There are 2 protein chains.
Amino acid sequence: MAHSGRRPGESRTRERIATSAQEAFGELGFDGATIRLIAARAGVDPALVHHYFGTKQRLFLSVMNLPFDVAAVKAQLLGPGLPGVGGRLIRYFLSVWDEQPSVRPILTGIVRSATTDPDAASLLRDFLGRQGLFQLVGAIAPDRPELRAVLVGSQLIGLAMGRYIVGIEPLASANPEDLVAAIGPPIERYLTGDLGSG
Amino acid sequence: MAHSGRRPGESRTRERIATSAQEAFGELGFDGATIRLIAARAGVDPALVHHYFGTKQRLFLSVMNLPFDVAAVKAQLLGPGLPGVGGRLIRYFLSVWDEQPSVRPILTGIVRSATTDPDAASLLRDFLGRQGLFQLVGAIAPDRPELRAVLVGSQLIGLAMGRYIVGIEPLASANPEDLVAAIGPPIERYLTGDLGSG
DNA sequence: CCGGGAATTCATCACTTGCAGAATTCAGGG
DNA sequence: CCCTGAATTCTGCAAGTGATGAATTCCCGG
């Protein structure tokens, strides 16, 4: 049989598997994305996926990590001062989803899988907790930063679910700046306002 | 073989399958809940599930409908007048999740499946759209009711995801009244406030 | 030029899944 | 008392799942 064995020339196979896995996890979630489908989209034998990444769980974790620079985001959001930080946070959040085609499958993959898979749920918790949002909020609000972080996080998750995952109109096709104007102030209240009374 | 054939006496088999399916869909989502597992928990042969409900999709749709009386909820929330309606909505929402053990698996089932299954996503859209939340909001806000409904819906979905599905602390174990105080005012702004500027 | 290690494919295993059909047993009406 | 129809179980199929192991082919350092 002439088709087996190593291929001549350089091969970006590992990376092609990685991006194929990102896209498949993003569209279908952890359970829906099969290793055979990932391999087929990468134009590769399924056994190669195991060869490079081991188990399916390890493939998911290897491929679903967000390249976020918390310090840079913090500077960008807090640079102009505290007022308006809610709107800037929403604008930044929307810009990541709308304009960064490389991170979007990662985000959708995590959210799509988090409702079912414990590992993905842990990733999502980390993103909103110590590793992510909490660092932002901690720099802004000294009073009850954990609660403020999860309040902001809940609104962000709901926005992502409605606009990008489930596709609820008119949220899915709303103008970004309209959303900034509508959701920014509540976010700012979560960040800097009084949480005790209306 | 002596174990086949009809059983004597009355049999609530269909209902036991239904509640078993609700619980399984609620814990595991549409894909995770297998027909064999649903049948096993109901103490019943898997073929009976097909006998009563046909395909798995039909079982899901038969069992995942919310018994919500929109008019009653509307009266309860708007009875005391418009002010404070945001807090009352959150309080009602939390009470359904926290205190109604029969509807909770339905809610978690819909949310857990909506990220992956188109039918479940459609159920969720209906719940926030014409069939559900929109009717509430339409009675309150004549100005841009669709946008207001999905804004409220996004915050409710995020709250459910964080508190009940993914389990993000301190949201998951927060005092309900603290959440009413924190999230009520933003909800009320979505319902009655000015959406154009901060 | 040759030999070890990496890349690639094939074949397959052990399971699980949704679903269908035949066979068996009970209930209730004529 | 029979007979139609409903309830229940068994068996099994066809497809798909993650994962493994052997075999083949190429690259590259000695």
Side-chain angles (χ1 to χ4, degrees), chain A residues 1-22 24-25 27-64 109 112-113 116-120, chain B residues 1-22 24-25 27-64 109 112-113 116-120:
Chain A
M1 40 202 62
H3 299 90
S4 68
R6 185 170 189 164
R7 294 286 166 275
E10 58 182 14
S11 84
R12 288 271 122 80
T13 304
R14 189 193 164 96
E15 306 159 30
R16 291 179 51 200
I17 292 177
T19 71
S20 166
Q22 281 182 354
F25 285 137
E27 295 172 26
L28 308 166
F30 179 81
D31 297 313
T34 72
I35 286 191
R36 284 170 163 85
L37 175 72
I38 292 171
R41 289 199 188 173
V44 148
D45 190 276
L48 266 186
V49 181
H50 288 110
H51 178 250
Y52 281 114
F53 295 93
T55 174
K56 189 184 181 185
Q57 293 276 348
R58 286 224 298 268
L59 169 63
F60 182 80
L61 293 177
S62 299
V63 146
M64 288 281 132
R112 278 215 162 86
S113 311
T116 282
D117 187 82
D119 283 346
Chain B
M1 46 200 62
H3 299 90
S4 69
R6 183 172 188 162
R7 293 286 168 274
E10 58 183 12
S11 82
R12 287 271 122 82
T13 304
R14 189 193 164 96
E15 307 159 29
R16 292 179 50 200
I17 293 177
T19 72
S20 165
Q22 281 182 354
F25 284 138
E27 296 172 25
L28 308 166
F30 180 81
D31 297 313
T34 72
I35 287 191
R36 283 170 162 85
L37 176 72
I38 292 170
R41 288 199 188 172
V44 147
D45 191 275
L48 266 186
V49 181
H50 288 112
H51 175 65
Y52 281 114
F53 294 94
T55 173
K56 189 184 179 184
Q57 293 277 346
R58 285 224 298 267
L59 170 64
F60 183 80
L61 293 177
S62 300
V63 146
M64 288 281 129
R112 278 216 163 85
S113 311
T116 283
D117 187 83
D119 283 345

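So you know, we letter chains A, B, ... as the sequences are listed, proteins then strands, and number each from 1. Just so it is clear, the model here is predicted, and its values are computed rather than measured.
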Fill in: Distance, rounded to the nearest Å, where B:L48 contributes CG and C:dG21 contributes C1'
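That distance rounds to 14 Å.
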Worksheet entry | Gap between atoms NE2 and P, on A:H51 and C:dA7 respectively (whole Å) |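 Nearest whole value for this atom pair: 6 Å.
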Discussion item. How close do A:Q22 and A:V63 get, counting heavy atoms only, and between which atoms?
Written reply: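 Closest pair (atom of A:Q22, atom of A:V63, distance): CG-CG1, 3.0 Å.
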Item to complete: Rounded to the nearest angstrom, tell me the gap between atom CZ in A:R12 and atom C1' in C:dA7.
Response: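 Taking CZ of A:R12 and C1' of C:dA7, I get 15 Å after rounding.
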Item to complete: Establish, with yes or no, whether the OP1 or OP2 oxygen of C:dT8 is under 4.0 angstrom from a side-chain nitrogen or oxygen of A:Y52.
Response: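 Result: yes.
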Worksheet item: What's the CZ-C1' distance between A:R16 and C:dA7, to the nearest Å?
Response: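 Atom CZ in A:R16 sits about 14 Å away from atom C1' in C:dA7.
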Practice prompt. Indicate yes or no for a side-chain donor-acceptor contact from B:S113 to the backbone of B:F30 under 3.5 Å, with no hydrogens or angles considered.
Written response: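 Indeed, once roles are kept as given, a pair shorter than 3.5 Å links the two residues.
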Worksheet item: Mind checking whether B:L59 and B:Y52 have side chains closer than 4.5 Å, heavy atoms only?
Response: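 No, side chains not in contact.
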Worksheet item: Looking only at heavy atoms, which two atoms of A:S20 and A:R41 are closest? And how far apart?
Response: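 What the structure gives for the nearest pair is OG-CB, 3.4 Å.
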Worksheet item: Under 3.5 Å, side chain of A:T34 to main-chain N/O of A:L37, donor-acceptor pair present?
Response: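 Yes, the answer is positive, given that a donor and an acceptor are paired below the 3.5 Å cut-off.
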Measure all distances between protein nitrogen or oxygen atoms and nitrogen or oxygen atoms of nucleotides 18-20 of chain D, and list the pairs falling under 3.5 Å.
{"from": "D:dG18", "atom 1": "OP1", "to": "A:K56", "atom 2": "NZ", "distance (Å)": "2.9"}
{"from": "D:dG18", "atom 1": "OP2", "to": "A:I35", "atom 2": "N", "distance (Å)": "3.1"}
{"from": "D:dG18", "atom 1": "N7", "to": "A:R36", "atom 2": "NH1", "distance (Å)": "2.7"}
{"from": "D:dG18", "atom 1": "O6", "to": "A:R36", "atom 2": "NH2", "distance (Å)": "3.1"}
{"from": "D:dA19", "atom 1": "OP1", "to": "A:T55", "atom 2": "OG1", "distance (Å)": "2.6"}
{"from": "D:dA19", "atom 1": "OP2", "to": "A:H50", "atom 2": "NE2", "distance (Å)": "3.1"}
{"from": "D:dA19", "atom 1": "OP2", "to": "A:K56", "atom 2": "N", "distance (Å)": "3.0"}

Worksheet item: Can you find a side chain N or O atom of B:T13 that sits less than 4.0 Å from OP1 or OP2 on D:dA7?
Response: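 No, B:T13 has no side-chain N/O under 4.0 Å of OP1/OP2 on D:dA7.
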Fill in: Between P of C:dC19 and CG of B:L59, the distance in whole Å
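Rounding to the nearest Å, CG of B:L59 and P of C:dC19 are 10 Å apart.
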Practice prompt. Could you check if a side-chain atom of A:T116 sits within less than 4.5 angstrom of a side-chain atom of B:D31, using non-hydrogen atoms only?
Written response: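 Side chain of A:T116 against side chain of B:D31, heavy atoms only: no contact under 4.5 Å found.
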Item to complete: Whole angstrom is fine here: how far is it from CG in B:D45 over to P in C:dG18?
Response: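 After rounding, the reported distance stands at 14 Å.
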Worksheet entry | Counterpart residues, ring pair (Phe, Tyr, Trp, His ring centres under 6.0 Å), relative to B:F53 (two or more places apart) |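 Ring pair (Phe, Tyr, Trp, His ring centres under 6.0 Å) check on B:F53 returns nothing, list empty.
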Worksheet item: In Å and rounded to the nearest 0.5 Å, what is the CG to CZ distance from B:D45 to B:R36?
Response: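 Rounded to the nearest 0.5 Å, the CG-CZ separation comes to 9.5 Å.
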Worksheet item: Which angle, to the nearest 10 degrees, lies between the helix axes at the two ends of the helix from C:dC1-D:dG30 to C:dG30-D:dC1, each defined by five pairs?
Response: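 What I find for the helix from C:dC1-D:dG30 to C:dG30-D:dC1 is an axis angle of 10°.
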Worksheet item: For the side chain of A:R16 and the backbone of A:A42, is there at least one donor-acceptor N/O pair under 3.5 Å apart?
Response: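 A pair under 3.5 Å: yes.
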